[in-house]
Amino acid sequence: MKRKKFGAKLYLALVLVLMYLPVLVVIVYSFNSNASRQPIPFTGFSLRNYAALFQDTRGLVASLKTSLILALMSVSASVVIGTLGAVGMVRRKLRLGGLMETVTVLPVMIPEIILAVAFMALFSAAGLRFGMGTLVLAHVTFCTPYIYLLVKGRLAGMDLNIEAAARDLGAGPAKAFLTVTLPLILPGVFSGAMLAFAMSLDDFVISFFVTGSNVTPLPLRIYSSVKAGVSLQVNALCTLMLLFVFVVAGVALLRPGKKNKEVFK
């Protein structure tokens, strides 16, 4: 029994090391004072990479801003489409419901490269100008299934009679949804939105095929710099993004849980 516990702990430790060691290397090298394009030797600690990052506002910072705007626009549209689609599929028992649900989650199952080529062909045939508009359309398409699946799972464990009771008490369809259903499915909506935001911010393949010359998201900016050697400004930017994620996660964990409130007052 002791050997099994030791083996399990050793396996878990190995997995954690393989997962977080690359992240630790990125953080450490963000403080490297080596200024060459191939900064493999660590020559000492310095904040020069962070200073250079904020001075070059037209480089990585501009691309990060573009990616954030793209992710926010895509997720905003996906939240509306995915949430309403999930509510409609749960309320209405359609004959072709299974087929429609398969079509809805198809963008998640199709390989990204195939989806990217399909988007490029579709936008070219439609005569659309490649840029932020085509990026948003493509990102909405593959972000919506994540929100749809999580909201639909949340609705599956909810008693739909609660909304019917609100309707019986005089609430209209819109008010019943906003005051009863939406607060109950909000955790699923929020989780789906966060997942979709991360997927949009991280996407490279689809963005590469549907972007224009005047729009460069962050993944494309980093990829374009690989041939000449990745600057340590990328490490500095990644470290700041990781720090932001850790701060948000820490605040969420330390935040005291709210007491359950009654649905009807």
Side-chain angles (χ1 to χ4, degrees), residues 5-57 59-72 74-75 108-109 111-113 115-116 135 139 142-143 146 191-209 211 216-254:
K5 290 183 178 180
F6 176 77
K9 292 180 179 179
L10 182 62
Y11 175 76
L12 178 60
L14 180 61
V15 171
L16 292 176
V17 167
L18 292 175
M19 288 178 60
Y20 291 104
L21 183 60
V23 177
L24 181 62
V25 171
V26 169
I27 296 174
V28 171
Y29 267 79
S30 69
F31 298 99
N32 190 1
S33 59
N34 193 342
S36 65
R37 295 298 296 179
Q38 299 292 342
I40 299 301
F42 191 89
T43 58
F45 284 90
S46 174
L47 295 176
R48 60 182 304 276
N49 300 311
Y50 292 89
L53 174 65
F54 290 106
Q55 290 174 1
D56 185 19
T57 56
L60 292 172
V61 175
S63 296
L64 175 61
K65 183 179 178 181
T66 299
S67 291
L68 290 174
I69 294 174
L70 172 61
L72 287 173
S74 303
V75 171
V108 178
M109 298 183 289
E112 240 186 336
I113 184 66
L115 198 61
L135 280 169
H139 281 227
F142 72 78
C143 284
Y146 295 102
S191 300
M194 290 297 98
L195 179 59
F197 184 87
M199 296 298 296
S200 176
L201 192 66
D202 185 60
D203 179 74
F204 168 77
V205 176
I206 294 177
S207 299
F208 181 80
F209 279 83
T211 190
T216 307
L218 183 60
L220 271 66
R221 174 77 65 178
I222 295 175
Y223 177 78
S224 63
S225 66
V226 170
K227 296 180 180 179
V230 179
S231 171
L232 287 178
Q233 295 179 24
V234 175
N235 294 55
L237 180 60
C238 293
T239 302
L240 292 176
M241 294 174 68
L242 285 170
L243 178 61
F244 176 78
V245 172
F246 288 152
V247 169
V248 172
V251 171
L253 290 174
L254 295 176

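Values below: every heavy atom of this structure, side chains too, minus hydrogens, waters and symmetry copies.
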Counting only heavy atoms from other residues, nucleotides and ligands, does the tally under 6.0 Å from OH of Tyr50 exceed 12? yes
Taking the side chain as every heavy atom from C-beta outward, state whether Phe31 and Leu47 have any pair of such atoms under 4.5 Å apart. yes
From Leu53 atom CG to Cys238 atom SG, the distance as rounded to the nearest 0.5 Å: 10.0 Å
Listing request: all side-chain hydrogen bond (donor to acceptor under 3.5 Å, both in side chains) pairs with a residue in residues 13-26, at least two apart in sequence or in separate chains. none
Sorted by chain and residue number, the side-chain hydrogen bond (donor to acceptor under 3.5 Å, both in side chains) partners of Ser63 (sequence neighbours excluded) come out as Arg221
Nearest atoms (heavy-atom pairs only) where Val26 meets Thr239: O-OG1, 4.0 Å
Quick check for you: to the nearest 0.5 Å, what is the distance between Leu16 atom CG and Tyr11 atom OH? 10.5 Å
To the nearest 0.5 Å, what is the distance between CZ on Phe208 and CG on Leu220? 7.0 Å
How far does OG1 of Thr216 sit from CG of Leu60, to the nearest 0.5 angstrom? 11.0 Å
Under the rule for side-chain hydrogen bond (donor to acceptor under 3.5 Å, both in side chains), what residues qualify as partners of Ser67, not counting sequence neighbours? none
Would you give the length of the straight line joining atom CG of Leu237 to atom CG of Leu218, rounded to the nearest 0.5 angstrom? 5.5 Å
Residues passing the ring-ring contact (aromatic ring centres under 6.0 Å, His included) test with Phe209, sequence neighbours excluded, are none
Measure the shortest side-chain to side-chain distance between Val23 and Leu242 over non-hydrogen atoms and say whether it is less than 4.5 angstrom. yes
Between OG1 of Thr66 and CG of Leu70, what distance do you get to the nearest 0.5 Å? 8.5 Å
List in chain and number order the residues that pass side chain to side chain contact (heavy atoms under 4.5 Å, CB included) with Val28, two or more places apart in sequence or in another chain; answer none if no residue qualifies. Leu24, Phe42
Contacts table for residues 195-206: side-chain donor-acceptor under 3.5 angstrom, sequence neighbours left out:
unit_1 : atom_1 : unit_2 : atom_2 : d
Ser200 : OG     : His139 : ND1    : 2.7
Asp203 : OD2    : Ser207 : N      : 3.0
Asp203 : OD2    : Ser207 : OG     : 2.9

